[in-house]
Amino acid sequence: MFPSVRSFLAFSYTLVVLLIISVLGISVQVLVESRLRHDLDADLQARATELAEIMTSDTDIDPAEQVALRAAGLNLGRRAGDATYIRLYSPNGVAAPLPGSVPPIPDLQDLQAFRQLRSPQLQTVQTENGMTLRVLSRRVVYAGQTVGYLQVARDLAPVIRITSLLRNALIYGGALAGAGAGVVSFLLAYQALKPFSSIVEDTRQIGVDDLHRRLPASYGVGEVSRLAQSFNSLLDRLQKAFDLQRRFVADASHELRTPLTSIRGNVDVLLLDPELAPATREALQGVSAESARLSRLITNLLLLARADAGQNQPAQRPVDLHALVLETVRQSRSIAGAVEVRLVHEDQVTVTGDSDALKQVILNLLDNALKYTPDGGYVHVSIYRDGSWAKLEVHDNGIGIPTSEVERIFDRFYRADKSPRGLTGSGLGLSIVRSVVETHGGKITLESTLGQGSIFTVWLPVSNQTLTPA
Ligand code: ADP
């Protein structure tokens, strides 16, 4: 859902800040509003009590007159919005005239209900001219008799104004604080996670071939530095395990080679006997072929183990690539059967390196091309000089390689799924090819279409040394 930890952290912080601001804001809003309303109601109560006392102070004078007489002395508010409005009614509900302008309190709708009032009643009403009033209504009783009714009102506009001001301040302030929290938390998260990005970058650079490399000891942040240290100690263990495994492969291959050579030698001697029974000859030929295969496998393993240990730095001798290819093509014709092997383009080109290893490269590519090309097909070999590069192309119209496998074909022990049954191989040939080519400063590329064939292209830097005749 989130593209990065940074955005997740920034989003979470912002959400938390917004939540806190909302809860605080709503609480402040509710508290202030209820406090203001409560104060206003208390003021109305006090006014009403004061007026009721005035109305009943001298029962000989009409209550309305009493109020009118003393209204000037009452602090009923001077400023608009702060004013207290009063209405007096006779016991039968007729409004008594009071000095000054007519108060905006709406006329009584339900006299009966007014008469039933037992205790003061507080209501919020809308007037025709759009005012919102808080109105207290009560009966005025003297000696058990209702002497009139009284309404005291105040405009709620100041309360509404203050609360809406507060609400706006909270909404805009909250939004601003939320946006600020988002930006700040993103920057903080970015800053805090930066060392992790460096660690990711640094670890990405460490491949199987450079397990000796280590991450810097300090990334400026304690946790990240500790992570780097534990990663380094993991690399230590990994490197040890790899070294052990390589040494084992190298030692085992080395140890197996001698007895195998002697088995092959002895079998070949036995095969020289012309009196061998056909079944025995066939069995011995089988042993010879299998031990030859095993011997190739062991040679390959040893070669790779040495390359891994960095011992395969090629000799720096000029090699006539054209002559080497010619010789290898000639040799492979003997095993080509019904597949045509032809050198279709031949530039004279010299490279630098180890001619045995380079011959192995050409041999492995030709072997594969012949192995995976059915009878009647062709294998075309070309050598070009392309600027400062020598380009060797082995092109066959064999079974081809699926696109999904092209990347993995050079991995050790990898054999494509579609390898035809009956075709034996170890899956080491191409990894040796790549290893040799790379130690010679070159590269290998592959273009292949399933069912149509493959083109393996080896690029090697052209030598600037001159060939000395052998
Ligand atoms: P193998 O000993 O199996 O031939 P390689 O490393 O030489 O091992 O080749 C790996 C795999 O690549 C083979 O198993 C085969 O599936 C595929 N491959 C190699 N060369 C060709 C080719 N010229 N045409 C089709 N498939 C090939």
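Reckoned from all heavy atoms, side chains included, excluding hydrogens, waters and symmetry mates. Indexing begins at 1, ligand by ligand and atom by atom, following the structure's order.
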Student: Under 4.0 Å, heavy-atom basis, I'd like to know which part of Lys371 is in contact with ligand 1: side chain, backbone, both or neither.
Tutor: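 The part of Lys371 near ligand 1 is the side chain, not the backbone.
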Student: Distance under 4.0 Å to a non-hydrogen atom of Gly429: what atoms of ligand 1 satisfy this?
Tutor: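 Every atom of ligand 1 under 4.0 Å from some heavy atom of Gly429: 5 (P), 6 (O), 7 (O).
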Student: For Tyr414, take its heavy atoms, then give the atoms of ligand 1 lying under 4.0 Å from any of them.
Tutor: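 Taking each heavy atom of Tyr414 in turn, ligand 1 has 10 (C), 11 (C) under 4.0 Å.
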Student: Charged N to carboxylate O below 4.0 Å: is that the case for Arg281 and Asp273?
Tutor: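 Not counted as a salt bridge, because no side-chain N and carboxylate O are separated by less than 4.0 Å.
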Student: For Glu128, is the CD atom crowded, meaning more than 12 foreign heavy atoms sit under 6.0 Å from it?
Tutor: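 No, the 6.0 Å shell around CD holds no more than 12 heavy atoms from other groups.
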Student: For His380, which residues count as a ring pair (Phe, Tyr, Trp, His ring centres under 6.0 Å) partner, sequence neighbours excluded?
Tutor: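 Counting only residues at least two positions away or on another chain, His380 forms a ring pair (Phe, Tyr, Trp, His ring centres under 6.0 Å) with Tyr378.
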Student: Between Glu290 and Arg293, does at least one N-O distance fall below 4.0 Å, as a salt bridge requires?
Tutor: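 Salt bridge flag = yes for Arg293 with Glu290.
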Student: Salt bridge or not between Lys240 and Asp236? Use side-chain N to carboxylate O under 4.0 Å.
Tutor: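 Judged by the 4.0 Å cut-off on N to carboxylate O distance, Lys240 and Asp236 do not form a salt bridge.
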Student: Can you find an N or O of Ile401 that's nearer than 3.5 Å to an N or O of ligand 1?
Tutor: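 By distance alone, the answer is no.
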Student: Can you list every ring-ring contact (aromatic ring centres under 6.0 Å, His included) pair that touches residues 432-451, not counting sequence neighbours?
Tutor: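 ring-ring contact (aromatic ring centres under 6.0 Å, His included) check on residues 432-451 returns no pairs.
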Student: Using a 4.0 Å cut-off to any heavy atom of Ala369, which atoms of ligand 1 qualify?
Tutor: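 Within the 4.0 Å cut-off of Ala369, ligand 1 contributes 23 (N).
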Student: Taking atom CD of Glu447 as the centre, report whether more than 12 heavy atoms of other residues, nucleotides or ligands fall under 6.0 Å from it.
Tutor: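 For Glu447, atom CD is not crowded (no more than 12 foreign heavy atoms under 6.0 Å).
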Student: Look at ligand 1 and say whether Phe456 reaches it with a heavy atom at a distance under 4.0 Å.
Tutor: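 Contact present.
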Student: Are any of the side-chain nitrogens in Glu327 or Arg330 under 4.0 Å away from the carboxylate oxygens of its partner?
Tutor: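 Salt bridge absent between Glu327 and Arg330.
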Student: Determine, using heavy atoms of Gly427 and all atoms of ligand 1, whether some pair is separated by less than 4.0 Å.
Tutor: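 Yes, that is the case, since the closest heavy atom of the residue is under 4.0 Å from the ligand.
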Student: Under a 4.0 angstrom heavy-atom cut-off, which atoms of ligand 1 come close to Ser454?
Tutor: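 In order of numbering, the contacting atoms are 24 (N).
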Student: Look at ligand 1 and say whether Asp396 reaches it with a heavy atom at a distance under 4.0 Å.
Tutor: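 The answer is yes, since Asp396 has a heavy atom less than 4.0 Å from ligand 1.
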Student: Any idea which atoms of ligand 1 are less than 4.0 Å away from a heavy-atom of Leu428?
Tutor: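 Listed by number with element, the hits are 6 (O), 8 (O).
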Student: Would you mind listing which atoms of ligand 1 come within a distance below 4.0 Å of any non-hydrogen atom of Gly400?
Tutor: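 Those atoms are 25 (C).
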